Amino acid sequence: GTGSTVDLAVTTTHSGNFSQGDTGDSYAITVNNIGNISSAGTITVTDALPAGLVATAIGGVGWNANLNTLTCTRSNTLFAGANYPPIVVTVNVASNAPASVTNIVTVSGGGDAIPANNTASDATSINASAGSGNAVWVWPRL
């Protein structure tokens, strides 16, 4: 398109596969301004964490983070072509988490004019735990 716009885009990524019962796995969320003018006003990022994952921490340099709502906000200008420091969401994986989950994040505010890229999803494979049921280790009877 033509004209001057703020266009915020969000991505979410992770490394490797998660496993049932994991602690300390994480997602990284990045907000970019791919428009040609700077943002203005408060920008909000929300993580809709899938069932089977429980957030234990959320934050990033310069972000005001709320673990209960999995929301981060900031109101400093994001210049055209720039990105904010990443948000890291740390999660524990339930022992009965499904084999595949999808983390979904959204960005809003800042004068964004193009909503089409304001949501991102990250499909995540979850390996079965080594044990069966809720047992982590089963010691053989000798």
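In this text, all values refer to a predicted model and were calculated from it rather than measured experimentally.
Between the CG atom in Asp122 and the CD1 atom in Ile104 there is a gap of 10.5 Å [rounded to 0.5 Å]. Going from atom CG of Asp47 over to atom CG of Leu70 covers 5.5 Å, rounded to the nearest 0.5 Å. The structure places CD1 of Ile43 at 8.5 Å from CG of Asp112, a figure rounded to the nearest 0.5 Å. Taken to the nearest 0.5 Å, the CD1 atom of Ile37 stands 5.5 Å off from the OG atom of Ser4. Between the CG atom of Leu49 and the OG1 atom of Thr12 there is a distance of 9.5 Å, given to the nearest 0.5 Å.
With sequence neighbours left out, Ala28 forms a side-chain contact (heavy atoms from CB on, under 4.5 Å) with Thr13. Under the side-chain hydrogen bond (donor to acceptor under 3.5 Å, both in side chains) criterion, Asn68 pairs with no residue, sequence neighbours left out. Annotation: side-chain hydrogen bond (donor to acceptor under 3.5 Å, both in side chains) contacts of Thr42 (sequence neighbours excluded): none. With sequence neighbours excluded, no residue forms a side-chain hydrogen bond (donor to acceptor under 3.5 Å, both in side chains) with Asp22. Remark: Val88 pairs with Ser26, Thr90 by the side-chain contact (heavy atoms from CB on, under 4.5 Å) rule, at least two apart or across chains. Qualifying side-chain contact (heavy atoms from CB on, under 4.5 Å) partners for Ser108, counting only residues two or more places apart in sequence or in other chains: Thr44. Every residue meeting the side-chain hydrogen bond (donor to acceptor under 3.5 Å, both in side chains) condition with Asp7, not counting sequence neighbours, appears here in chain and number order: Asn117. Under the ring pair (Phe, Tyr, Trp, His ring centres under 6.0 Å) criterion, Tyr27 pairs with His14, Phe18, sequence neighbours left out. Every residue meeting the side-chain contact (heavy atoms from CB on, under 4.5 Å) condition with Ser125, not counting sequence neighbours, appears here in chain and number order: Asn17.
The shortest side-chain heavy-atom distance between Leu53 and Ile126 falls under the 4.5 Å cut-off. Side-chain contact between Val91 and Val54: absent, with no pair of heavy atoms (C-beta onward) separated by less than 4.5 Å. Proximity of Val31 to Asn83: side-chain heavy atoms (C-beta onward) are nowhere separated by under 4.5 Å. Taking the side chain as every heavy atom from C-beta outward, Pro98 and Gln20 never approach each other to under 4.5 Å. Between Ser38 and Thr77, the closest side-chain pair of non-hydrogen atoms falls below 4.5 Å.
Within the structure, ring pair (Phe, Tyr, Trp, His ring centres under 6.0 Å) contacts touching residues 45-68 (residues at least two apart or in different chains) are Trp63-Tyr84. Screening residues 102-128 for ring pair (Phe, Tyr, Trp, His ring centres under 6.0 Å), with sequence neighbours left out, gives no hits. Applying the ring pair (Phe, Tyr, Trp, His ring centres under 6.0 Å) test to pairs two or more places apart or on separate chains, none has a residue in residues 30-51.
Between Asp25 and Asn92, the side chains place no donor N or O within less than 3.5 Å of an acceptor N or O (distance only, hydrogens not considered).
Closest approach of Asn33 to Ser39, counting heavy atoms only: ND2-N, 3.8 Å. Contact between Ala51 and Val101 at its shortest, heavy atoms only, is O-CG1, 3.7 Å. Minimum heavy-atom separation, Ala65 to Gly59: CB-CA, 4.0 Å. Between Ala80 and Gly35, the closest heavy-atom pair is CB-O, 3.3 Å.
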From CA spacing to verdict: side chain to side chain contact (heavy atoms under 4.5 Å, CB included), Leu78, Leu8: CA-CA 9 Å; Leu78 183 59; Leu8 301 179; 4.0 Å; yes

Between Asn118 and Val10, is the side chain to side chain contact (heavy atoms under 4.5 Å, CB included) condition met? List the steps. CA-CA 6 Å; Asn118 290 11; Val10 65; 5.6 Å; no

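Cluster annotation: Leu67 and Val105 are assigned to the same hydrophobic cluster (Ile/Leu/Val/Met/Phe/Trp/Tyr, side-chain heavy-atom contacts under 4.5 Å, transitive).
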